[in-house]
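Start at 1 and go down the list; that is how both ligands and their atoms are numbered. Heads up: numbering here begins at 1 and tracks the sequence.
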Amino acid sequence: MAEKTFYVTTPIYYPSDRLHIGHAYTTVAADAIARYKELRGYDTMFLTGSDEHGQKIERKADEAGKEPQNYVDEIVATFIDLWDRLGIDYDQFIRTTDNNHEEVVQEIFKQLYEQEDIYLGKYEGWYCTPCETFWLDRQLEGDEKVCPDCNRPLEWVEEESYFFKMSKYADRLLKHIKDNPKFIQPESRRNEMISFIESGLDDLSVSRTTFDWGIEVPVDTDHVIYVWIDALSNYITAMGYKRDEAKFNKYWPADIHIVGKDILRFHTIIWPIILMALDLPLPDQVFGHGWLLSDTGKMSKSRGNVVDPIELINDFGRDSIRYYLLREVSFGTDGIYSTEALIQRINSDLANDLGNLLHRSLSMVEKYFSGKIPEPSEETEYDSSLKEVGAETVEKAAEEIEELRYTRALEEIWQFVRRANKYIDQTEPWILAREEENRERLGTVLYNLLESLRMIGILLKSFLVDTPGEIGKQLGIQAEVKNANWDDLAWGGLPAGRTVEKGDPIFPRIDLEEYYEEKEELTDVDDKQEEEKVEEEGLISFGEFQEVDLRIATIIAAEKIEDSNKLLKLQVDLGDERRQIVAGIANYYQPEDLIDKQIIMVANLEPAKIFGVESQGMLLAARDEENEELTIISPAKSIKTGSSVS
Ligand code: MSP
């Protein structure tokens, strides 16, 4: 019989910054289904990776003064470190700068070009640089040209570009989506995608000439392949497409692509159409989950509201974070991260319900049976009811996990945990322990408790990394829990006679106030150090400020510097002399628009050579990090060239 395989992917992340808890959310969710399928005996392939090309990354690298490759190498290393710390058990990590990926993407492009699905054309229109998305007039609301996705200002661009004939495949795609209700999940998002396709698909621009950091178009070296053909193809290049037929046939089509709702459209429209054009089968499902927001809105570095997963892992442990992410927000809808809610979950579900169950049960086995797991004997009503809840939990948890309803799956498991706690109250082992004649009954009760814990430990293997092993260890069956799969969830698998190893409570309670106090102390220390630093080196005297010779200059000529996307060479009039300066503003200003513009210039800056061109000063400009906008600072009204600024 052919082996059962299961292939799941996360999106590949942009290495433009460190990852935040929202990214961890997607990856933990993919990890959970992969772990579950593994338990069910599938040969699982879990792919994650990094999406490393594009203008945004090129710019960031430039700003950091690094070569793009070095820049992405450093950031991608932080991704891998985060996944290790979170216990993400991926099978393969693809980087779009991998040679194999780059080569196969070129072959894909070439094939599409040769079969005339890709053609050379020209586009003009509104472009959002941060989102790397091109918008048509009809997609924009009102007169203000801002990106419908991120609300940032758009730039007007005109460029030669290769286009992909999306419209040719629209009807086929629509039929596929309608015939396969599970293809796009959740349901509400599926309807959104159907309306989008029905409103008409435009051909897609798939190349750029405005930056270099990308895979070269194989039929035209002036162009690089634009984000989506490069990025989306990762799901097949990583599986050996056009290289390793056996591997490719084994895993493709993917069982599920898990993506955030913001990129669902790319995965349910562009990606299936690319696959159709390549004559490949489509993935079984694309699941678009919601956003994990901070209580001050969408997480973004410039807003300063990103939650750092590493800090949370250090403070609370990875299993607490994983539990919280999967339990708190139903997968599909948006949810809000809050530290209070996290601590509450840790205290009530993990420390109280689960931790206490384990600790109490083991304490009794130590006390009444010298730490040896007793043999069970005759069953009473309480016992069969506990067993029944156990069996039902296994079934219901499976149903919920299969549909990625992790919140509900964990609720089911916790009903079993609470039921076992209640069983202690019902059977009152401490009373049974008083009479020798109840010894058998006491043994059965404790066996049943430990057996429930064994099952809970195995059920949690889909979600948590360390806890199942720790439960196993304390029960004296570490290897059994480690090697267990779903079939071991049948009642009675616990070997009597083993010696338990009660340890510390698996989840200590956290005092919210103490936690904040400690954090504040740490932040106070940081703030103090910061203040001292400002005192030492942060402030300048008025005299020091006066040493900077700021003057009004007028631009009289401007041109691009060859081989640089960013730099312009300006000739400026300073009143009594002319100067040449190099400015990194080519992405924001056309040379011809700068003529006669007045600027503020640092006139006494040591000359320097930039890109081989002499620069005798510097102009002042302001950068809006959030919108990635830059504006030159000019006087509010025209003033005599050469005037000093103070
Ligand atoms: N590189 C593209 C994906 C290409 S896939 C062929 C990309 N990268 S990303 O780094 O910007 O985002 C990766 C994923 O993280 C997306 O699915 C996005 O939805 C998800 N998230 C980013 N912030 C998030 C939250 N705050 N909450 C939940 N998911 C979030 O898009």
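- Of the charged side-chain nitrogens involved, none lies within less than 4.0 Å of a carboxylate oxygen, so that D624 and R152 do not count as a salt-bridged pair.
- Aromatic ring centres of W291 and Y337 lie farther apart than the 6.0 Å criterion allows.
- Each of the atoms 28 (C), 29 (N) of ligand 1 lies under 4.0 Å from some heavy atom of H289.
- Below 3.5 Å of separation, one finds an N or O of L292 facing an N or O of ligand 1.
- The protein heavy atom nearest to atom 15 (O) of ligand 1 is H23 CD2, 3.4 Å.
- Nearest protein heavy-atom neighbour of atom 25 (C) of ligand 1: W291 CE3, 3.1 Å.
- Listed by number with element, the atoms of ligand 1 under 4.0 Å from a non-hydrogen atom of A231 are 6 (C).
- Between the side chains of T221 and E216, no donor-acceptor pair is found at a separation under 3.5 Å.
- The side-chain tip of R35 does not point at the ring of F463 from less than 6.0 angstrom away and within 45° of straight on.
- Distances from ligand 1 to the non-hydrogen atoms of F266 include no value under 4.0 Å.
- Scanning the protein heavy atoms around atom 20 (C) of ligand 1, the nearest turns out to be T26 OG1, 4.0 Å.
- Between D51 and ligand 1, at least one N/O pair is under 3.5 Å apart.
- Taking any N or O of D262, backbone or side chain, at least one lies under 3.5 Å from an N or O belonging to ligand 1.
- Ranking protein heavy atoms by distance to atom 16 (C) of ligand 1, first place goes to I263 CD1, 3.8 Å.
- Using a cut-off of 4.0 Å between Lys/Arg side-chain N and Asp/Glu carboxylate O, R243 and E107 are scored as salt-bridged.
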Should E412 and R408 be marked as a salt bridge (Lys or Arg N to Asp or Glu O under 4.0 Å) after you check the CA-CA gap, both sets of side-chain angles, and the distance that decides it?
CA-CA 6 Å; E412 292 294 342; R408 291 218 214 151; over 6 Å; no
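- When only interatomic distances are considered, the shortest N/O to N/O separation between Y14 and ligand 1 falls below 3.5 Å.
- Both tests do not hold together for K66 against Y71: distance to the six-membered ring centre under 6.0 Å, angle to the ring axis within 45°.
- Taking every heavy atom of H20 and a limit of under 4.0 angstrom, the matching atoms of ligand 1 come to 23 (N), 24 (C), 25 (C), 26 (N).
- Using 4.0 Å as the threshold, G290 has a heavy atom nearer than that to some atom of ligand 1.
- Of the protein's non-hydrogen atoms, the one nearest atom 17 (O) of ligand 1 is G260 N, 2.8 Å.
- An N or O contact shorter than 3.5 Å links I12 to ligand 1 by distance.
- If you look at Y515 and F316, their ring centroids are closer than 6.0 Å.
- Which of F79, Y13, Y235 comes nearest to atom 6 (C) of ligand 1 through a heavy atom is settled by distance: it is Y235.
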Would K60 and D17 satisfy salt bridge (Lys or Arg N to Asp or Glu O under 4.0 Å), going step by step from the backbone distance to the final call?
CA-CA 9 Å; K60 287 255 183 181; D17 253 315; 3.4 Å; yes
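- Proximity of the aromatic rings of Y25 and F331 is defined here by a centroid distance below 6.0 angstrom, and this criterion is met.
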